[in-house]
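The figures here come from the full heavy-atom set of this structure, side chains too, leaving out hydrogens, waters and symmetry mates. The structure displayed is predicted, hence computed values, not measured ones.
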Amino acid sequence: MTAVPVSTEVFTELARTRPLPAATTALRAALHTRRLLLLKSLLVRVERRRTALQSVVRRRFEADWTLLERAEHTDAAVVRDVVDYPMTGAWLAEALAAPDGPLFEEHLARLGGVAVAAAVRAGCRFDITSTLPSDTLSLPGLGLLRCPARRIRLSGDTRAVRITDDAGGSVALARAMPEGADPRNRPHGSLSWTGLRALSGGGAVLDDLDPHRVPPGGIGPAALPAAERTHSGHPAWAARWRTAQALLAVADPGRAAETTALVRAVVPLASPVHIGVPTSATLRTAPGAVLAQLPADPRDLAELLVHETQHTKLAAFDEMAPLCRPGGGTLHPVAWRRDPRPVPGVLQGAYAHLALLDLWRRARVAPASSPAWRRRAEERFEAHWEGVGEALSILRESDELTSAGREFVHNMATYHRSLGGAACQVG
């Protein structure tokens, strides 16, 4: 937990789920502070375990850390972007949770990809030789380098980083990757590069390459794994993403802007085209990444993005002011799930569905909304308003909330009542 001051206005608007640029700024600051603490924790652990680590592992980590620092001195803003990328957080969480020994040392090697990605983005000058522990190097937010020879030389300047291997292969990673492109260099020899592909508008990418994009146990009751590149369905995702963003912009421009600002990556899950309610998730260790099956209807995707963005917001807000006390184990029924949920789960679901109620209320009265979008919004609003109220009642009666949590839920309940009492007025 990190102490980040929160103004009354930001606190109130976050509880109402309403988008606010100042709130987005505060949330991103909290996420960055948390990420720096995790990096520092990793460094401290390495320092304490210096004598137990293999010398080659220790030297590689020190070289990677030095390159990351050099990139930060060159362009702090883009290095912050790499450090804050969702899957960087997932890797850090796994590394810090790994027991001492080979598994921890394996995780340490991931810092090399973070450092190289930072160097590419920053455009710093460097020239190093490195031996990779495996035949791939993942650069968070950029793509995946495949190098069967394992030994590589990296030479960087303000325009690009050139990578060569002992087999004569060579690829160049440009500092600026064109939006919407798949920056895949033609392989020369044994070395090859596959880049992530952008989703139109903002800086989100379809991440179907990062090894930490889905936890080992998969997602949801079906334990869905990540979709591989050949089955991730980028064209369908890109088309549906554009339509979903357009729907949000019509119904609620502020929420569309918030989604663009907070969603950094979409991770396709297996069975990419799904009829009915798709499986989706946001990992607490990787806020800003939406893990999902591709919905068949763009309106489902619009709602899914709003839903998962609220999970990212609560994950970040919890770093500023924890809302629940640890250790509570009471389970409660909720309208949107078959299984009973602990209080933090009730809060997560109520918060996401409160945002959806707000979206549906606006969609059904927005002049530019299509008749079909209005009818759907009306039906969804009526189906979920009472269930959200029941969940808020559970939360207000719970003794598992902190003082900040009680105030937060009080503001949520006040806004929920206003949605039901003034359904045709938006503000």
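Residues meeting the salt bridge (charged side-chain N to carboxylate O under 4.0 Å, His left out) test with Arg59, sequence neighbours left out: none. For Glu308, the salt bridge (charged side-chain N to carboxylate O under 4.0 Å, His left out) test picks out no residue, with sequence neighbours left out. Under the salt bridge (charged side-chain N to carboxylate O under 4.0 Å, His left out) criterion, Arg35 pairs with no residue at all, not counting sequence neighbours. Under the salt bridge (charged side-chain N to carboxylate O under 4.0 Å, His left out) criterion, Arg162 pairs with no residue at all, not counting sequence neighbours. With sequence neighbours left out, Thr88 forms a side chain to side chain donor-acceptor pair (under 3.5 Å) with no residue at all.
The side-chain hydrogen bond (donor to acceptor under 3.5 Å, both in side chains) pairs that include a residue from residues 401-413 number zero, where partners must be two or more places apart or lie in different chains. Applying the side-chain hydrogen bond (donor to acceptor under 3.5 Å, both in side chains) test to every pair with at least one member in residues 214-224, sequence neighbours left out, gives no pairs at all. The side-chain hydrogen bond (donor to acceptor under 3.5 Å, both in side chains) contacts involving residues 390-401 comprise Thr330-Glu400, where partners must be two or more places apart or lie in separate chains.
Residues Asp358 and Arg18 are paired through a salt bridge, judged by an N-O separation under 4.0 Å between the basic side chain and the carboxylate. Note on Arg197 versus Asp208: salt bridge recorded, some NZ/NE/NH1/NH2 to OD/OE distance being below 4.0 Å. With salt bridges taken as basic N to acidic carboxylate O contacts below 4.0 Å, one links Asp81 and Arg121. Using a 4.0 Å cut-off between charged side-chain N and carboxylate O, Asp157 and Arg125 make no salt bridge.
The shortest distance between side-chain heavy atoms of Val10 and Thr8 does not fall below 4.5 Å. When side chains are defined from C-beta on, Pro268 counts as touching Trp237, because their heavy atoms get closer than 4.5 Å. The shortest side-chain heavy-atom distance between Leu269 and Thr279 falls under the 4.5 Å cut-off. Using a 4.5 Å heavy-atom cutoff, the side chains of Val266 and Asp207 are not in contact. With a 4.5 Å cut-off on side-chain heavy atoms, Val334 and Asp339 do not count as touching. For the pair Arg341 and Arg337, the minimum side-chain heavy-atom distance is below 4.5 Å. Contact annotation: the side chain of Val116 approaches that of Val120 to within less than 4.5 Å [non-hydrogen atoms, C-beta and beyond]. Using a 4.5 Å heavy-atom threshold, the side chains of His416 and Trp385 count as touching.
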Side chain to side chain donor-acceptor pair (under 3.5 Å) between Arg229 and Thr194, worked out: CA-CA 10 Å; Arg229 166 60 68 105; Thr194 305; 5.8 Å; no
Check against side-chain contact (heavy atoms from CB on, under 4.5 Å), Cys147 and Leu132: CA-CA 8 Å; Cys147 180; Leu132 305 180; 4.2 Å; yes
Candidate pair Arg110 and Ser138, rule side chain to side chain donor-acceptor pair (under 3.5 Å), full reasoning: CA-CA 8 Å; Arg110 164 75 165 175; Ser138 176; 2.8 Å; yes
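Distance check, rounded to the nearest 0.5 Å: CG of Leu314 to CD of Glu319 gives 12.0 Å. The line from CD of Gln293 to CG of Leu304 is 10.0 Å long, rounded to the nearest 0.5 Å.
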Mind listing the side-chain donor-acceptor pairs of residues 65-72 below 3.5 Å, one per line with the distance, residues two or more places apart or on another chain?
unit_1, atom_1, unit_2, atom_2, d
Trp65, NE1, Glu69, OE2, 3.2
Thr66, OG1, Glu62, O, 2.9

List, one per line, each side-chain donor-acceptor pair under 3.5 Å for residues 345-352, sequence neighbours excluded.
unit_1, atom_1, unit_2, atom_2, d
Gln348, OE1, His311, ND1, 2.7
Tyr351, OH, Leu14, O, 2.4

Cut-off 3.5 Å, no hydrogens considered: what does the side-chain donor-acceptor table look like for residues 89-105, sequence neighbours left out?
unit_1, atom_1, unit_2, atom_2, d
Trp91, NE1, His107, O, 2.7
Glu94, OE1, His212, ND1, 3.3
Glu94, OE2, His212, ND1, 3.4
Asp100, OD1, Arg45, NE, 3.3
Asp100, OD1, Arg45, NH2, 2.7
Asp100, OD2, Arg49, NE, 3.3
Glu105, OE1, Gln54, NE2, 2.8
Glu105, OE2, Gln54, N, 3.3

Quiz: residues 283-292 side-chain donor-acceptor pairs under 3.5 angstrom, not counting sequence neighbours:
unit_1, atom_1, unit_2, atom_2, d
Arg284, NH2, Asp318, OD2, 2.4

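In this model, a donor atom of one side chain and an acceptor atom of the other lie less than 3.5 Å apart for Thr17 and Arg255.
Taking the six-membered ring for Trp, Trp336 and His353 have ring centres closer than 6.0 Å.
Around the CZ atom of Arg325, the shell of radius 6.0 Å holds more than 12 heavy atoms that belong to other residues, nucleotides or ligands.
Distance alone, capped at 3.5 Å, is enough to place a donor-acceptor pair between the Trp241 side chain and the Ser200 backbone. The main-chain N or O of Asp135 is never found under 3.5 Å from a side-chain atom of Arg146 such that the two would form a donor-acceptor pair.
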